[in-house]
Amino acid sequence: MCGIVGAVAQRNIVSVLIEGLRRLEYRGYDSCGVAVLDARGPTRARSVERVADLEGQVRDGNLEGVTGIAHTRWATHGAPVTDNAHPIFSRDALALVHNGIIENYEGLREMLRGKGYEFISQTDTEVIAHLIHSLYRGDLFAAVRAAVAQLHGAYAIAVLHKDQPHTVVGARQGSPLVVGLGEGENFLASDALALAGSTERFIFLEEGDVCELSLDGVRIADRQGEAAQREVRQVAAYGGAVELGPYRHFMQKEIFEQPRAITDTIAQTDAFDASIFGEGAGQVFADIDSLLILACGTSYYSGLTAKYWLESLARIPTQVEIASEYRYRESVPNPKSLVVVISQSGETADTLAALKHAQGLGHKHTLAICNVGTSAMVRQTELSFLTHAGREIGVASTKAFTTQLVALFTLAATLAKLRGRLNDEQEADYLKQLRHLPAALNSVLALEPQIIAWSEEFSRKEHALFLGRGMHYPIALEGALKLKEISYIHAEAYPAGELKHGPLALVTEAMPVVTVAPNDALLEKLKSNIQEVRARGGQLYVFADADTKIVNGEGLHVIRMPEHYGLLSPILHVVPLQLLAYHTACARGTDVDKPRNLAKSVTVE
Ligand code: AGP
């Protein structure tokens, strides 16, 4: 999604800005741009192609400057055309980049038109540029503070003005923004990752903060306009760019990294001890009587799977809700419920807003399960568990999902132990299963050639159904999401028992029905559901555990999984679905790592 980079220095800063954009590219964007200040004012280059094209323009145009801002845009208001690409100018005096959505832009645009401002773009961003320009009286910091007081919605912005050649002003509300501190130079970015190589010292701005970067320092005002001191954090973890290695796409690499990612995630777990979730977790876990899980997309499906573990192992009532729904509905808060937010990025706007909404309703206990230790979500929760999946570049989440499942299983087992429902022997057994999981995953990954053979068939389809039962129903949902995200095949998932309540009407020879078939208590029921599909000429593609006795037959294609893996089985069963989606997308020739219309980190509503 949109990305911001800004810098004030004594050297030409263009290469830092371009490199920053390149580091944010994987998040998805459809245009990009950069602006620097020179004696005449801001000058810019913009492209509706890749950052590499922008770099070429910058080189050909000799764009140079010591103060600059840059942006990758993921279109919300207005098509991805050059006029809508950022930086957006106001009267050739001011340049601005913006992440987020301004909800009251229409009213502001009318007001600004009344003052004589001409609107060139279709963006909501242009109102911010003209608004700040209209309020500018020789102090950009003051003008930005006055302007943001009039904005409704979410924003992170970076602004330059021709009359302040060594100043970049930033502000944030609902979208992340960090300051990077250098020696005689300072930086701004929507993600610290963008500034790797330039600094390791960061200030993570808080909601409502406005900052002013100059050559020798940074000043920050909080929402009330009071000078604010913010902690400077050393973040060394942002090494170089992630390499693709022998893989064709990052998604494929990330699928194959899952054994390693899970090994890293469980490295901290010698026992199911509350302290894994942070200081004071033991007390919090003793206080709570239920869980409320909030998340989006794939992270939501990990929450749905966890509900089965939490309720069966720990016997703790668990509600799982899509964050974008929860934040806007009237719910009945229970202060004794632990709010668990799950997010790969920790910056997803809907999940963050849902967390704040829950806190506003009086939920005092919160836990983030997250892959980014410096993210807003981790900073805004009482407890946290980091998944250690490593950076996930592919838009379609894979290793983040399986490591979230490991984290959530650990949570369920920890709560079960605290509630006297897990004895020493069971604890040792689950720990052993977790440690064996990477090896078990490797044997599932070895099924890739068989899955490639299926993917050829799938690549010619336009629709697919996914079936699962019990804790494998969310796995079917995740399989369908993966397929639609990257292959653009319409896919839906159902609990297999629901088939005859409607979706069976869709089953014909042309409809592949992917079935997740673990050897669990629901196997016989699932076999009946399989027969219902066969009887209607449907084509079944079944991932069946070794001991299920489901075998190839007419209309029945089977890939044999390892032996049933008990409660952890969903973690194994999702992997062939990831591979099926991946190879189907490859066969269709889509842009697997950057599927159309999608972004890696959804920082707008
Ligand atoms: C996953 O394949 C998707 N791209 C998407 O559903 C994602 O899981 C969702 O946007 C939530 O992201 P988060 O985990 O970073 O909060």
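Below, all heavy atoms of this structure are taken into account, side chains as well, without hydrogens, waters or symmetry copies.
Using a distance-only test at 3.5 Å, with no hydrogens or angles considered, a donor-acceptor pair links the side chain of Q252 to the main chain of R248. Between the side chain of S528 and the main chain of E524, a donor-acceptor pair closer than 3.5 Å is present. The main-chain N or O of I322 is never found under 3.5 Å from a side-chain atom of E325 such that the two would form a donor-acceptor pair. Side-chain atoms of T508 come within 3.5 Å of backbone N or O of A510 as a donor-acceptor pair. Distance alone, capped at 3.5 Å, places no donor-acceptor pair between the K399 side chain and the E254 backbone. No side-chain donor-acceptor contact under 3.5 Å links E427 to the backbone of A271. The backbone N or O of F401 sits nowhere less than 3.5 Å from a side-chain atom of S302 that would complete a donor-acceptor pair. Between the R534 side chain and the E554 main chain, a donor and an acceptor come within less than 3.5 Å of each other. Put simply, the side chain of Y494 never gets that close to the backbone of L465: no donor and acceptor are under 3.5 Å apart.
The two residues V395 and P595 have their closest heavy-atom pair at CB-CD, 3.6 Å. The minimum heavy-atom distance between T366 and H363, with the atom names listed, is CG2-O, 4.4 Å. Shortest non-hydrogen contact noted between A416 and A314 is N-CB, 3.6 Å. Heavy-atom minimum distance, L441 versus I571: CD2-O, 3.8 Å. Contact record, E347 with S375: OE2-CA, 3.4 Å, taken as the closest heavy-atom pair. Scanning all heavy atoms of the two residues, the minimum distance from A544 to V558 falls at CB-CG1, 3.9 Å.
A salt bridge links K307 to E311: at least one charged side-chain nitrogen sits closer than 4.0 Å to a carboxylate oxygen. Between D591 and R596, none of the side-chain N atoms (NZ, or NE/NH1/NH2) sits under 4.0 Å from a carboxylate O, so this pair counts as no salt bridge.
Distance check: I255 CD1 to T402 OG1 gives 10.0 Å after rounding to the nearest 0.5 Å. The NZ atom of K594 sits 12.5 Å away from the CG atom of D30 when rounded to the nearest 0.5 Å. To the nearest 0.5 Å, atom CZ of residue F285 and atom CZ of residue R419 are 11.5 Å apart. Between I316 atom CD1 and D289 atom CG the span is 7.0 Å, to the nearest 0.5 Å. To the nearest 0.5 angstrom, M377 atom CE is 10.5 Å from I342 atom CD1. Between the CG atom of L361 and the CG atom of N334 there is a distance of 11.5 Å, given to the nearest 0.5 Å.
H357 and Q359 are not linked by any side-chain donor-acceptor pair at a separation below 3.5 angstrom, with hydrogens and angles left out of the test. Side-chain N/O atoms of Q258 and Q578 include a donor and acceptor closer than 3.5 Å. Under 3.5 Å, the side chains of H472 and S569 contain a donor-acceptor pair of N or O atoms. Looking at T348 and S345, their side chains do bring a donor and an acceptor atom within 3.5 Å of each other. Looking only at atom types and distance, the side chain of E448 has a donor-acceptor partner in the side chain of H583 under 3.5 Å away. Under 3.5 Å, the side chains of T387 and N371 contain a donor-acceptor pair of N or O atoms. A donor-acceptor contact under 3.5 angstrom links the side chains of T298 and K482, judged on distance only. Residues H249 and Y582 bring a donor and an acceptor atom of their side chains to less than 3.5 Å of each other. No hydrogens or angles considered: a donor-acceptor pair under 3.5 Å links the side chains of H564 and D545.
In summary, the aromatic rings of F409 and Y430 are positioned with their centroids under 6.0 Å apart. Aromatic ring centroids of Y29 and W74 lie 6.0 Å or more apart. Aromatic pair Y541/F458: ring centres closer than 6.0 Å.
Under the 4.5 Å side-chain criterion, counting only non-hydrogen atoms from C-beta, I393 is not in contact with D593. Inter-residue side-chain proximity for V372 and T374 is flagged as met; some heavy-atom pair is nearer than 4.5 Å. Between L467 and V516 there is no side-chain heavy-atom pair separated by less than 4.5 Å. Inter-residue side-chain proximity for L447 and F543 is flagged as unmet; no heavy-atom pair is nearer than 4.5 Å. Residues I559 and V542 fail the side-chain proximity criterion, which asks for heavy atoms closer than 4.5 Å. L540 has its side chain out of reach of H557: every pair of non-hydrogen atoms, C-beta onward, lies at least 4.5 Å apart. Annotation: side chain of T318 is in contact with side chain of I293 (closest heavy-atom distance under 4.5 Å). Looking at heavy atoms from C-beta onward, F256 lies in side-chain contact with L579 at the 4.5 angstrom threshold.
A 6.0 Å sphere centred on NZ of K336 holds more than 12 heavy atoms belonging to other residues, nucleotides or ligands. More than 12 heavy-atom neighbours from other residues, nucleotides or ligands sit within 6.0 angstrom of CZ on R435. No more than 12 heavy atoms of other residues, nucleotides or ligands lie within 6.0 Å of CD in E563, so this atom counts as exposed by the packing criterion.
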Test log, rule side chain to side chain contact (heavy atoms under 4.5 Å, CB included), inputs V602 and D350: CA-CA 8 Å; V602 186; D350 284 319; 5.6 Å; no

K484 and E492: CA distance, side-chain angles, deciding distance, salt bridge (Lys or Arg N to Asp or Glu O under 4.0 Å) verdict: CA-CA 9 Å; K484 65 187 132 188; E492 288 188 57; over 6 Å; no

Q404/S299 under side-chain hydrogen bond (donor to acceptor under 3.5 Å, both in side chains): CA gap, chis, key distance, verdict: CA-CA 8 Å; Q404 283 168 355; S299 298; 3.0 Å; yes

Side chain to side chain contact (heavy atoms under 4.5 Å, CB included) between L437 and V406, worked out: CA-CA 10 Å; L437 199 50; V406 166; 4.0 Å; yes

Criterion salt bridge (Lys or Arg N to Asp or Glu O under 4.0 Å) on E532 and R536, from CA distance to verdict: CA-CA 7 Å; E532 289 163 11; R536 276 129 193 116; over 6 Å; no

Audit row: F385, L408, side chain to side chain contact (heavy atoms under 4.5 Å, CB included) steps and yes/no: CA-CA 9 Å; F385 183 106; L408 289 158; over 6 Å; no

Test side chain to side chain contact (heavy atoms under 4.5 Å, CB included) applied to L411 and L291, step by step: CA-CA 11 Å; L411 177 64; L291 265 73; 4.0 Å; yes

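Applying the salt bridge (charged side-chain N to carboxylate O under 4.0 Å, His left out) rule to E25 yields no partners; only residues at least two apart in sequence or on another chain are considered. Remark: K600 engages E392 in a salt bridge (charged side-chain N to carboxylate O under 4.0 Å, His left out) (not counting sequence neighbours). Remark: R588 pairs with E462 by the salt bridge (charged side-chain N to carboxylate O under 4.0 Å, His left out) rule, at least two apart or across chains.
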